[in-house]
**Q** 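One structure follows; several queries about it will come next.
Computed from heavy atoms alone, side chains included, the values below leave out hydrogens, waters and symmetry copies. Keep in mind the model is a prediction, meaning the values are calculated, not measured. We name chains A, B, ... by the order of the sequence lines, and we start the count at 1 in each one.
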Amino acid sequence: MGDRLTPARTALGRAGLVVAPRLLGAVVTSDVGGARVAVRITEVEAYAGAEDPASHAFRGRTARNDVMFGPAGHLYCYFTYGMHWCANVVCGPVGEATAVLLRAGEVIDGLPAARARRPAARRDTDLARGPARLASCLGFGRDTDGADLLDPGSPVRLAGLRARRPPGVLAGPRVGISVAIERPWRFWLAGDPTVSAFKPGGRARRAPRPAD
DNA sequence: AGGACGATTAACT
DNA sequence: GTTAATCGTCCTC
C-alpha cells in the first residue's frame with residue numbers, strides 16, 4: 001500500500017519550518033482503544049533534519065527516528081523521560097527528516113475519553129496543553145508510530161491543514177532543548193488558553209514576535 | 001556491558 | 001522556585 005497522493009500530502013512536503021504555522025487550527029483525530037478523540041492544534045514546533053542539532057534526526061537515521069526519513073504525512077511518535085510519548089507530523093521530501101512537534105491543542109471531540117486518559121488535568125484546557133499531554137489525550141504510543149495521517153482508514157488522521165499561516169500566530173524559541181535555542185521555531189495561536197505558558201525572562205531569551 | 005541523558009510532567013517547598 | 005519519576009536509545013568502553 002503506497003501513500004495516497006493528496007493535495008495535503010503535497011502541502012506537507014515542505015520544510016517543517018514552513019508547514020508548522022499552517023498546522024495551527026488543523027484537527028488531529030484518533031480512533032484508538034475504542035475511543036475517538038479530536039484535538040485542534042494550537043501550538044507547534046518545527047524541527048529540521050541534518051542541519052538542526054536539536055532534531056532527533058541530526059545524528060542520522062536510527063530505528064527510533066526511521067519514520068522521520070520517510071514520506072510526509074506520517075506520525076512520528078517517540079518515547080521520552082522513561083514515561084512520556086510525544087508526536088510529530090513528518091514533513092518535507094523523503095530523506096530530509098524534517099518534522100513538526102505537536103505541542104498543544106484544544107480537545108474538541110471525545111472529552112470523556114480525553115479526561116479518562118488525563119486524570120491529573122484539572123481543567124479541560126489543560127488536557128492537551130503540552131506535547132506529552134496532547135499525545136496522551138489522543139492515545140498515541142508505539143502503536144501509532146508511523147501512522148499515515150492522510151489515509152482515511154488510519155487510526156490517526158489530520159484535517160484542516162491551511163495553505164497559509166492563519167492570522168494571530170506568534171513565534172518564539174523552542175522549549176526543552178539545549179542547542180539551537182536561538183531559532184524562533186515554536187509557533188502558537190496568540191491568546192489561546194491551551195497554549196503552554198510562555199516564560200518571558202526565564203529560559204526564553206527573546207520576546208515573542210509576530211510570525212508575520 | 002555500562003552509563004548518561006532526554007523535543008516532560010506532576011508534585012513538592 | 002525545585003526535584004523525583006522512570007526507561008528506551010545511543011554512545012563509549
**Q** Can you measure A:Arg133 atom CZ to B:dT9 atom P for me and round it to whole angstrom units?
**A** 6 Å

**Q** On a heavy-atom basis, which atom in A:Arg64 and which in A:Tyr76 lie closest, and how many Å separate them?
**A** O-CE1, 3.3 Å

**Q** Between atom NE2 in A:His84 and atom C1' in B:dT9, what is the gap in whole Å?
**A** 4 Å

**Q** Taking only nitrogen or oxygen atoms into account, show me every contact under 3.5 Å that the protein makes with nucleotides 10-13 of chain C, one pair per line with its distance.
**A**
| unit_1 | atom_1 | unit_2 | atom_2 | d |
| --- | --- | --- | --- | --- |
| C:dC10 | OP1 | A:Thr62 | OG1 | 2.4 |

**Q** Determine which bases of DNA chain B form Watson-Crick or G-U wobble pairs with both distances under 3.5 Å, and write the result as a 5' to 3' dot-bracket string with | for other-strand partners.
**A** ||||||.|||||.

**Q** Tell me the interatomic distance from A:Trp85, atom CH2, to B:dT9, atom P, rounded to whole angstroms.
**A** 15 Å

**Q** For DNA chain B, whose closest nucleotide is more 5', that of A:Ser178 or that of A:Ala132?
**A**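 The residue closer to the strand's 5' end, by nearest nucleotide, is A:Ser178.
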
**Q** To the nearest Å, give me how far apart CZ (A:Arg123) and P (B:dA10) are.
**A**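 Between P of B:dA10 and CZ of A:Arg123: 12 Å.
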
**Q** Going by salt bridge (charged side-chain N to carboxylate O under 4.0 Å, His left out), A:Arg157 matches just one of A:Asp151, A:Asp31, A:Asp148. Which one?
**A**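 Result: among A:Asp151, A:Asp31, A:Asp148, A:Asp31 is the only option passing the salt bridge (charged side-chain N to carboxylate O under 4.0 Å, His left out) with A:Arg157.
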
**Q** Please determine which of A:Val175, A:Val195, A:Val44, A:Leu134 meets the side-chain contact (heavy atoms from CB on, under 4.5 Å) test together with A:Arg103.
**A**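 Per the side-chain contact (heavy atoms from CB on, under 4.5 Å) rule, the option paired with A:Arg103 is A:Val175, out of A:Val175, A:Val195, A:Val44, A:Leu134.
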
**Q** Just call it for A:Phe79: base, sugar-phosphate, or nothing, with non-hydrogen atoms closer than 4.0 Å on any strand.
**A** sugar-phosphate

**Q** For the pair made of CG in A:Leu101 and P in B:dG6, what is the distance, rounded to whole Å?
**A** 16 Å

**Q** Kindly state whether the pair A:Tyr47 / B:dA7 counts as stacked, where counting means centroids closer than 5.5 Å and planes tilted less than 30° apart.
**A**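 Stacked: ring centres under 5.5 Å, planes under 30°.
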
**Q** Are there more than 12 heavy atoms of other residues, nucleotides or ligands under 6.0 Å from atom CZ of A:Arg59?
**A** no

**Q** Under 4.0 Å, counting only non-hydrogen atoms across every strand here, what does A:Ala120 touch: a base, just sugar-phosphate, or nothing?
**A** sugar-phosphate

**Q** Check the phosphate of B:dT8 against A:Arg103, side-chain N and O only, distance under 4.0 Å to OP1 or OP2. Yes or no?
**A**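 True: A:Arg103 side-chain N/O within range (under 4.0 Å) of B:dT8 OP1/OP2.
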
**Q** Can you measure A:Phe58 atom CZ to B:dA7 atom P for me and round it to whole angstrom units?
**A**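 The distance from CZ of A:Phe58 to P of B:dA7 comes to 13 Å, rounded to the nearest Å.
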
**Q** Quick check for you: to the nearest 0.5 Å, what is the distance between A:Arg40 atom CZ and A:Glu106 atom CD?
**A** 5.0 Å

**Q** Between the main-chain N or O of A:Tyr47 and the side-chain N or O of A:Ser55, is there a donor-acceptor pair closer than 3.5 Å?
**A** no

**Q** Nearest to the side chain of A:Ser55, heavy atoms from C-beta on, is which of B:dT8, C:dG8, B:dA7?
**A**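 Between B:dT8, C:dG8, B:dA7, the one nearest the side chain of A:Ser55 would be B:dA7.
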
**Q** Would you kindly say whether A:Asp3 and A:His74 are connected by a side-chain donor-acceptor distance under 3.5 Å?
**A**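 Side-chain D/A pair, A:Asp3 to A:His74: present.
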
**Q** Please determine whether the number of non-hydrogen atoms from other residues, nucleotides or ligands lying under 6.0 Å from atom CZ of A:Arg9 exceeds 12.
**A** yes

**Q** Taking the side chain as every heavy atom from C-beta outward, state whether A:Ile108 and A:Val39 have any atom pair closer than 4.5 Å.
**A**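 Result no, sub-4.5 Å side-chain heavy-atom pair not found.
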
**Q** Let me know the distance between CG of A:Asn88 and P of B:dG6, rounded to the nearest Å.
**A**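 Taking atom P of B:dG6 as the reference, CG of A:Asn88 is at 17 Å.
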
**Q** Looking only at the side chains, is there a donor atom on one of A:Thr194 and A:Arg133 sitting less than 3.5 Å from an acceptor on the other?
**A**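 Note: A:Thr194 and A:Arg133 side chains miss the donor-acceptor criterion.
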
**Q** Write down the distance between OH (A:Tyr78) and C1' (B:dG6), rounded to a whole number of angstrom.
**A**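 Checked: the OH to C1' distance equals 9 Å.
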
**Q** Counting only side-chain N and O atoms of A:Arg122, is one of them less than 4.0 Å from OP1 or OP2 of B:dA10?
**A**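 False: A:Arg122 side-chain N/O out of range (4.0 Å or more) of B:dA10 OP1/OP2.
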
